[in-house]
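Residue numbers start from 1 in every chain, and the chains themselves are labelled A, B, ... in the order their sequence lines are given, proteins ahead of strands. In this text the structure is predicted, and so the values were computed from the model without any measurement.
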Number of protein chains: 4
Amino acid sequence: MPKLGMEPIRREALVRATIAEVGLQGSLDVTVSQIARRAGMSSALAHHYFGGKDQIFLAAMRQILRDYGTSTRKALARARTPRARVEAILEESFAAPNFHTEVIAAWLSFYVHAQTAPEAHRLLEVYRRRLHSNLTHALRPLTGRAAPGQARILGALIDGIYIRSALAQPAPDRGEALEQLMHVLQHLLAEGRT
Amino acid sequence: MPKLGMEPIRREALVRATIAEVGLQGSLDVTVSQIARRAGMSSALAHHYFGGKDQIFLAAMRQILRDYGTSTRKALARARTPRARVEAILEESFAAPNFHTEVIAAWLSFYVHAQTAPEAHRLLEVYRRRLHSNLTHALRPLTGRAAPGQARILGALIDGIYIRSALAQPAPDRGEALEQLMHVLQHLLAEGRT
Amino acid sequence: MPKLGMEPIRREALVRATIAEVGLQGSLDVTVSQIARRAGMSSALAHHYFGGKDQIFLAAMRQILRDYGTSTRKALARARTPRARVEAILEESFAAPNFHTEVIAAWLSFYVHAQTAPEAHRLLEVYRRRLHSNLTHALRPLTGRAAPGQARILGALIDGIYIRSALAQPAPDRGEALEQLMHVLQHLLAEGRT
Amino acid sequence: MPKLGMEPIRREALVRATIAEVGLQGSLDVTVSQIARRAGMSSALAHHYFGGKDQIFLAAMRQILRDYGTSTRKALARARTPRARVEAILEESFAAPNFHTEVIAAWLSFYVHAQTAPEAHRLLEVYRRRLHSNLTHALRPLTGRAAPGQARILGALIDGIYIRSALAQPAPDRGEALEQLMHVLQHLLAEGRT
DNA sequence: AATGAATGAGGATTCATTCAT
DNA sequence: GATGAATGAATCCTCATTCAT
């Protein structure tokens, strides 16, 4: 009794399973079988829906970045002042769903992967550009022409804290991470007023 | 034409070849054969000298970190003032031999690997601790009790710039990287005087 | 032409092929590929169904011992008198399916293997205990308390004839083997009456 | 400073090392390197003296059989009566130097090997014939024409006890082994007198 | 829609053997 | 006499992928 409309469900399950498996193993060296098993189906079906391992990975990356993008957009919508907008972006980078051991590990793995896989590289480029643009827009009312440079620094710092969190034992400290970011932010904001 | 005392030569060649190959491919998914071929020997010999792929990787990581450590030590020895010491550390992080596309890519790959391999994790931990300690000592005369926290921020920023450089197209800009770091450093140093 | 329910068929084929190949080569130094080829499939499939060479060997041993156990049980069921029961056991040890050059060679190879492989050792131990118990039970009505010791002697003699048969050129003589056993049996049975 | 007359010393050391290593591992799957290391030399030297692994094994087999032959000859020389001669042969089969876990294991391994290697097969054949001839000669004065058949039975029983000893946990019981043999011997000797 | 069956390609590792010194 | 150096060949095992049902 074949079911209809299974495709989106299956794809979603596979993508979630991929993130989980890659995150857990901390490496892209996961087999399609492992992913499929975790998603509750055969590896043949995984191929059927995605065509190949690379596509599965790509879909998983898209999911991670889309999740991040979505939550950021929501946070921005809630912010009322320019400064609140900046802080919202920074906070969201370390918000619970993203700043989770598994997701960080998966993110880092995909990051490495992007060195080789052009499509993956493109995805990260989009994410980076959006982050940069968001930050710049938020900072502009506060620091004017200094905004782009500051956005670049904050972006690098976010990535740096992320990558360090990937090795944190036993678990990365969300509060501490945010504190460091805010500390630097404060300095940068003071810039304009000097 | 077998000679005596080949071991250190072969090991060195293999380590360099490993860094190059991993750097070029941007991934640890390199075969022992590839590494051995690049080093000009059979894969069997590579196993003979290192015992296994893991040991080869470990040796390559050690080399990268040792290279970095050595150059930093030299730079510190040359510095005359406290501030010069801090700058020396930061500059050295992006100095030519380290801040090279291949080395950066290899470094990032090993970073991911460290999530899984305990020994590799330990190596990075040592590196991180040393960087933190160097920075803290250098900052202490300038900012006192604020030094450790600032060292942490600078360390994360260094890593962040590194990881971003891994994806930079076509090549990471050493000058820009340093500029960002120095910018933040300046802010941090001003802290004490406020 | 993939069908369903191939697993038992494939496993059976592999087990038979293993016994044949080990028997023919007279050694456990057979490759999985050789076994798989003889069984008409790829070595990858052999691994798929058994997980590894060791498991294949274990399954082959189990098959040999199970075959022997089955035929013995049937022979015992047919025997009507105590003496007939003893003779049935001895005869079955050298009955056609078991006492075949290939099977003997395979059996001997596994025997050696059992010195090293605990699981294989356990299997042989079970076989030996069962033979001993069968013989003892059959002898008890005839020779009373002497039965266990006699069973041990007959068991050792069976193994001795087996191992000698492994080197027999061109083929072991079933009749002669049995004759020797029966000769000793006759002596042992006379024991009680002296 | 090359030493003269090292050859016999090296060969002896290698042969002993082979028996020990094969006995310990309970398998012929020992590497030339392991043997050479145990004998205190490089594997290249082992090849130099023996030409190849097979020759090393052959030499080891010869040693085992020669040791056995020598001790038997001595024991026979000490025996004064026909019966004592028979018992001497049997006892010697389980005498300390031969009936040792390692030697038994090595012997069994070589036995299996003989199924494949013609030269090894020939060696065992010689040993078997000599044992048979020794036993027959010793039995003839006692049981006349029955001697050859009895020799065959005793020979098989010896091998049977040997092979079982190879799996004995934790160590084979020399006394029990001999007892079984003597028990059967007694029966066989009674034969003539009936 | 879903999967068991099946395999080719590839990779780490081991080892007997050779060779130049 | 002795060995470190070196390798080709082999072997186990894994895995992405395909296919018939």
Quick one: which of F:dA2, E:dA6, E:dT17 gets closest to the side chain of D:Lys53? E:dT17
In whole angstroms, how far is the P atom of F:dA2 from the CG atom of B:Leu4? 17 Å
When we call it a touch if two heavy atoms are under 4.0 Å apart, what does B:Ser42 touch: a base, just sugar-phosphate, or nothing? base
Per atom distances to the D:Ala44 side chain, the nearest of F:dT3, F:dA2, F:dT11 is F:dT3
What integer distance in Å separates A:Arg37:CZ from F:dA16:P? 11 Å
Do the side chains of C:Val103 and C:His100 get nearer than 4.5 Å, heavy atoms only? yes
With DNA chain F as reference, determine whether B:Arg10 or C:Ser43 sits nearer its 5' end, using the nearest nucleotide of each. B:Arg10
Please determine, for the side chain of B:His47, which listed nucleotide (E:dA6, E:dA12, E:dT18) has the closest atom? E:dA12
Using a 4.0 Å heavy-atom cut-off, does A:Phe50 contact any base of the nucleic acid, only the sugar-phosphate backbone, or nothing at all? nothing
Please tabulate, for side-chain N and O atoms in residues 43-53 of chain A, each donor-acceptor pair with protein atoms closer than 3.5 Å (sequence neighbours left out).
residue	atom	partner	partner atom	Å
A:His47	ND1	A:Ser43	O	3.3
A:Lys53	NZ	A:Val30	O	2.9

A:Ile56 atom CD1 is separated from F:dC15 atom P, nearest whole Å, by 14 Å
Sugar-phosphate only, base, or nothing, as touched by B:His48 at under 4.0 Å among non-hydrogen atoms: nothing
Considering heavy-atom distances to DNA chain F, does B:Leu45 or C:Ser33 have its closest nucleotide positioned more toward the 5' end? B:Leu45
Does any nucleotide pair with F:dT3 by Watson-Crick or G-U wobble geometry, both distances under 3.5 Å, and what is it? E:dA20
Using a distance-only test with no angle check, is there a side-chain donor-acceptor pair under 3.5 angstrom linking B:Gln115 and A:Gln25? no
Name the closest nucleotide to the C:Met6 side chain, picking from E:dA2, E:dA6, F:dC15. E:dA6
What's the spacing between B:Gln63 CD and B:Ile19 CD1 if we round to 0.5 Å? 5.5 Å
Please state how far atom CD in A:Gln34 lies from atom P in F:dT17, giving the value in whole angstrom units. 15 Å
Given atom CD of C:Gln25 and atom P of F:dA10, what is their separation to the nearest angstrom? 14 Å
Whole angstrom is fine here: how far is it from CD1 in D:Ile35 over to C1' in E:dT14? 15 Å
For A:Ile9 and E:dA1, give me the distance from atom CD1 to atom P, rounded to whole Å. 12 Å
Suppose the criterion is salt bridge (charged side-chain N to carboxylate O under 4.0 Å, His left out): which pairs have a residue in residues 15-26 of chain A, not counting sequence neighbours? A:Glu12-A:Arg16, A:Arg16-A:Asp67, A:Glu21-A:Arg38
Does a nitrogen or oxygen in the side chain of A:Tyr49 sit under 4.0 Å from OP1 or OP2 of E:dA1? yes
Any strand, both distances under 3.5 Å, Watson-Crick or G-U wobble: F:dC15 pairs with E:dG8
Separation of A:Phe57 atom CZ from F:dA16 atom P, in whole Å? 8 Å
